[in-house]
Protein chains: 2
Amino acid sequence: MNRAAMSRAKAGRPRPASVKDVASRAGVSVGTVSNVLNRPDRVSEATRQRVEQAMAELGFIRNESARQLRAGKSRSLAYVMLDASNPFFTDVAMGIEDAAARASMSTFLCHSGGDAARERTQLQLLEQQRVQGILITPVDPGSAVIDEIRARGTHVVIVDRTRQGDTICSVSVDDELGGRLAVEHLIDRGHRRVAFVGGPHSIGQVRDRWAGASEAWRAAGLPEDDLVRLDTERLSVDEGRVAGQRIAGLSTRRRPTAAFCANDLLALGLLQQAVTTGRRVPDDLAIIGYDDIEFAAAAAVPLTSVRQPRQQLGETAARLILDETDNPDHQHESVVFTPELVARRSTLG
Amino acid sequence: MNRAAMSRAKAGRPRPASVKDVASRAGVSVGTVSNVLNRPDRVSEATRQRVEQAMAELGFIRNESARQLRAGKSRSLAYVMLDASNPFFTDVAMGIEDAAARASMSTFLCHSGGDAARERTQLQLLEQQRVQGILITPVDPGSAVIDEIRARGTHVVIVDRTRQGDTICSVSVDDELGGRLAVEHLIDRGHRRVAFVGGPHSIGQVRDRWAGASEAWRAAGLPEDDLVRLDTERLSVDEGRVAGQRIAGLSTRRRPTAAFCANDLLALGLLQQAVTTGRRVPDDLAIIGYDDIEFAAAAAVPLTSVRQPRQQLGETAARLILDETDNPDHQHESVVFTPELVARRSTLG
DNA sequence: CGTTGAGCGTGAAACGTTTCATCAACGAGG
DNA sequence: CCTCGTTGATGAAACGTTTCACGCTCAACG
């Protein structure tokens, strides 16, 4: 047994068939095999069939690394998610995947989990893979790594975040408007003391929603002190519960009659805390969330929420990056979607 | 301007620096650059620094395609998820990613969405990428495509499913035991008429949980007719609501006092339907779910659920595939985890 | 009959790495 | 002074594709 055969047996992994193998089996040149693969019209019916037959017999699978190396570009996009455990982002991811698949591109999903170091590693990996483009919901939209990547030639689109006055594609939702819609709704329903639950305020999202909320409040001519800002450490269910306790701890005079939460996870936590401590929703406390994830509508008291067009966000992001990679005179674009209030029982009673 | 420069300018994407560029800038050979990259100990301190400097200046990023082509293998795993919108699977995915990262492997996440055709496409793509191994929660565990892939040399581990008497690695959870635990708990709590909500029964999971449930029922010597099987079309929140209506529609004599749902999504839907139509949980209807996703604990009436070690499932799957690819005398293994009942208010009152 | 032009196929070069046999330089030991 | 071994660097081959400039064949046409 020669060395090659030995190592092959040991590895247990037979060398996959290559175009060369297919070519010799079909009695043609490798160039022809490649033509069958890439421009079937350039090759006669008869030989095409012979080659395809050989491929089937050998179980030929095209080696994408080699293809990519020669062609100089890959057929794949990547989306770096901020938090895979938040259904909002998985929906965005599915929108991206769909749109990419329609353009016969494959999508790699990665996951930073809000950790900047991890995000860096993921990006490095993707750059090494020479993906066509990177879609990302960054931990920090201002981060320089994004610029470095772009400087090296990989296209990047920012998803669900924006960058001030920058020349980069992004898709996002008008969070200030969302905040306004939420608070206007609460004011319409007669609430005159309202809590804004969210944080940390280092997140642009949170800042904008808060800004919209307080703007609506001022516009209605209500006293500034009666819009209470309750800061949270994260946008999680736990923190929602904590916020609920803090609200319960306030004196009756100061206690808000409604809460606007910066996302649905917070709202669900708050809802749970309220209900389990015997407060009625919305009579004792009205609650409004943000994102309108599936679980918001599924809560025991269905949650009013500000809906973002999640799938569409993803689809548009994919469209933008495809344009950027294909179209020589691509113009950077910041698409801003309009959120929509979905009123349910948690504010309607 | 020559043609190369023109097309380069037009594409707007400068050709990234290669080892050759780095080599000439550092005044060494390409072999040396490669050594710096792969066995830094083989190269003197001085040249190493020179090369690293050159890399930094040129913004060199290793081309993974070329690396892979030459080395014959990739540094990546893939997980094909069944349903990204179910938090259970994202948790499993995170477990896989963590374990893979620890072994300095990157992970590609794909998503079949329960669609066999889509699954096939994804698998084909992954095979073309020559990933080291594929982890998959298959649409149909019995499908032949899995065998074909393995026959061609790519290792596969089945996640959260099993295959009868087959020689393939898998990780799963003892669903029959889970079903038993759930129903025993309900019997303990005094329930004598119980519904099993789940379907379709073509899913192994559902069958096993049902089997465990009816076994526990028989073992307690209770009349078979009093364990009612309510079939659903899918394992979704919607279907949970439908099941709730069906339960409500039963005559008082026949109506169960508790429901065991085949997953948490169903349970949440059922819970919502019950609560919004004025039934009290657990007094009028006790509910128990399966998976113990985060939203189960976060429900207004916190859900009793059967917990599966999700992260650990993922980690173990990753461990298995790494062993299979690295260890020449790897033995196939079917790891079965033990589920655990987490009792909360939806059954405790 | 000679020329032309499709229509098909060919073969070699190139993509960016890694690997490996080889070589140069140099110090130690005889 | 010669030989050896060690250390560090080199250069060419190889991985599996795609691409492209050529050929070959044959039918049509002048």
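Labels below follow one simple rule: chain letters A, B, ... track the order of the sequence lines, proteins then strands, and each chain is numbered from 1.
The pair B:Glu315-B:Arg319 does not meet the salt-bridge criterion, since no charged nitrogen lies less than 4.0 angstrom from a carboxylate oxygen.
Taking 4.5 Å as the limit, every side-chain heavy atom of A:Thr325 sits out of range of all side-chain heavy atoms of A:Met105.
The backbone N or O of A:Pro141 lies less than 3.5 Å from a partner atom in the side chain of A:Arg163, making a donor-acceptor pair.
Among the protein residues, B:Val19 comes within range of the nucleic acid bases, having at least one heavy atom under 4.0 Å from a base atom. B:Val33 comes within contact range of no nucleotide atom at all, as no heavy-atom separation falls under 4.0 Å. As judged by a 4.0 angstrom heavy-atom cut-off over every strand, A:Ser65 is placed among residues making no nucleic acid contact. B:Gly72 comes within 4.0 angstrom of nothing in the nucleic acid, heavy atoms only.
Of all the heavy atoms in A:Val156 and A:Glu324, the pair that sits closest is O-OE1, 4.2 Å. Between A:Lys73 and A:Arg67, the shortest heavy-atom distance links the atoms O-NH2, 3.5 Å.
In B:Gln331, the CD atom is not crowded: 12 or fewer heavy atoms of neighbouring residues, nucleotides or ligands sit closer than 6.0 Å.
Between A:Thr47 and C:dG9 there is a side-chain polar atom (N or O) within less than 4.0 angstrom of OP1 or OP2. Here B:Thr32 reaches the OP1 or OP2 of D:dT10: one of its side-chain N or O atoms lies under 4.0 Å away.
Toward the 5′ end of DNA chain D lies the nearest nucleotide of B:Arg50, the other residue of the pair B:Ala66 and B:Arg50 mapping further downstream.
The distance between atom CG of A:Leu69 and atom P of D:dA14, rounded to the nearest whole Å, is 17 Å. As rounded to whole Å, 15 Å separates atom P of C:dG16 from atom CZ of A:Arg67. As rounded to whole Å, 15 Å separates atom C1' of D:dT10 from atom CZ of B:Arg42. Rounding to whole angstrom units, CD of residue A:Gln128 and P of C:dT17 are separated by 10 Å. Rounded to whole Å, the distance from CZ on B:Arg62 to C1' on C:dT18 is 10 Å. Here C:dG7 presents its P atom at 15 Å from CG of A:Asn35, a figure rounded to the nearest Å. Taking atom NZ of B:Lys73 as the reference point, atom P of D:dG16 lies 15 Å away to the nearest angstrom. The interatomic distance linking B:Arg130 (CZ) with D:dC15 (P) rounds to 14 Å, in whole Å.
Residue B:Ser44 places its side chain closer to D:dA9 than to any other of C:dG16, C:dT18, D:dA9. Comparing D:dT19, D:dT17, C:dT18 by their closest approach to the side chain of B:Asn38 singles out C:dT18. For B:Ser18, taking side-chain heavy atoms from C-beta onward, the closest of the listed nucleotides D:dT10, C:dT17, D:dT18 is C:dT17. In this structure, of C:dT19, C:dG16, D:dT17, it is C:dT19 that holds the atom nearest to the side chain of B:Arg39. Distances from the side chain of B:Arg70 to the nucleotides D:dA14, D:dT10, D:dT19 place D:dA14 closest. Here the nucleotide nearest the side chain of A:Ser29, chosen from C:dG16, C:dT10, C:dG9, is C:dT10.
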